Q: 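The structure under discussion is supplied below as structure tokens; questions concerning it will follow.
As the structure lists them, so they are numbered: ligands from 1, and atoms in each ligand from 1. Note that the structure is a prediction, hence the values are computed from the model and not measured.
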Amino acid sequence: MARIVQKFGGTSVATIERIKAAALKVKRERERGHQLTVAVSAMSGATDKLVELTRQASPLHDARESDVVIASGEQVTVGLMALCLQELGIPSRSFCGWQVPIRTNAAHGQARIEELVPDELERMLARGEVPVVAGFQGVTADGRITTLGRGGSDTTAVALAAALKAERCDIYTDVDGVYTSDPRIVTRARKLTRITFEEMLEMASLGAKVLQTRSVELAMNHRVRVQVLSSFAEQIGSDYPGTLLVDEDEIVEKHVVSGVTYSRDEAKITLVKVSDRPGVAAAIFGPLANANVNVDMIVQNVSEDGRATDLTFTVSRSDLDRAVALLNPLVKELGINRIRHDSNVVKVSVIGVGMRSHAGVAQRMFKALGDKGINIEVISTSEIKISILIAEEFTELALRTLHTAYGLDAN
Ligand code: ASP
Ligand code: MG
């Protein structure tokens, strides 16, 4: 007998029919003798509608009240799921975040889980019942409802698995696993049967939207085995049809690069001729940081004459206007000649733990792209990833080229 957390995403609970189908998966796992705890998202599209309503009510809304509204989508689906399970003869009850309780800090809209008290869930499991927990929600020390950021039900599910010491956390979603690249663009992309936590963390934060980044961090820290699998397929989690997140030493088939991802949410800013003196970078990035504008890739050249140099960096597209507005007042003081910006760029990244022990991984990327005439504008690297910025029109070509260059193509 194993203890398993099953999480059903928005598309898997989008209609009563789908909730019934999900409930059947719970039933089938349970018939194999496992102890199940279920976590659910809101019906797909529901949270977007609720966000829009809060915006209409008050554009600069009180985040505490907005959380009350946007958390409500999950209250509907936990109740419906418990009802569907009961219809199948499975004793079940629903829990909102505050009822568990799942305690979080007070960062409304982006709250972090501080403690999940599993006592009541444990009692239910001991009686052979199935608790159904609302994803995405928590409660502060002073009793206010919080939400964990968009996509946060994944994090709830992993937190449940960690607190209950579950053997596995199955994330049922609308894709059947994690792919070597976006299959809509790279038709020869392959489904990975296993991926390391670290690689998944990079993939999640570099554009692959299968799991909320925070949930992968949590899984990595608590060594929770997470499986991503399709809720539309026949097979259930215990058949291992999806992609399993594991430690590096559990990877059998080793590749230097495991995936190629991209993010279109990028904009490039170049400050032409910035004074080359101490304190300048702090004067530029300080105001951006204070305004919560996240800066990603940064390149600065050495100045030829020791007086001025160009500085290029990227921000997310939605922050571009704000960033430029914050930089404009600095033009005079820092001797900036001109501010140029471009949002027709895309960040392409190759990810793989195998890079640590192989030389020439970056060179293979530069050569492959060079051969196709794709110009690289900015480069940044870490131990297990190489990211480049290129013109957006080359996205598809770059992804396919790199997928082939690293030997990832399906036969
Ligand atoms: N319902 C929330 C959202 O749409 C949380 C989730 O689905 O994970 O972001
Ligand atoms: Mg999701």
Q: Among all protein non-hydrogen atoms, which one is nearest to atom 9 (O) of ligand 1, and what is the separation to 0.1 Å?
A: R150 NE, 2.7 Å
Q: Could you tell me, atom by atom, which parts of ligand 1 come under 4.0 Å of a heavy atom of T47?
A: 1 (N), 2 (C), 3 (C), 4 (O)
Q: Taking only Lys NZ, Arg NE, NH1 and NH2, and the carboxylate oxygens of Asp or Glu, determine whether E198 and R356 approach each other closer than 4.0 Å.
A: yes
Q: Could you find the nearest protein heavy atom to atom 6 (C) of ligand 1 and give me its residue, atom name and distance?
A: S153 OG, 2.9 Å
Q: A cation-pi test, strictly: NZ or CZ of R93 under 6.0 Å from the centre of the six-membered ring of F95 and no more than 45 degrees from its axis. Yes or no?
A: yes
Q: State if G10 counts as touching ligand 1 under the rule of any non-hydrogen atom under 4.0 Å.
A: no
Q: Parallel, tilted or perpendicular, judged at 30° and 60°: which one describes the rings of F313 and F285?
A: perpendicular
Q: Is the closest basic N to carboxylate O distance between E377 and R340 below 4.0 Å?
A: no
Q: Assess G151 for proximity to ligand 1: is some non-hydrogen atom of it under 4.0 Å away?
A: yes
Q: Can you list the atoms of ligand 1 that are under 4.0 Å from a heavy atom of S41?
A: 6 (C), 7 (O), 8 (O)
Q: Please say whether more than 12 non-hydrogen atoms of neighbouring residues, nucleotides or ligands are located less than 6.0 Å from CZ in R223.
A: yes
Q: Do R168 and Y240 form a cation-pi contact, if we require the NZ or CZ to be under 6.0 Å from the six-membered ring centre and within 45 degrees of the ring's axis?
A: yes
Q: Under a 4.0 Å heavy-atom limit, does E74 contact ligand 1 with its side chain, its backbone, both, or neither?
A: side chain
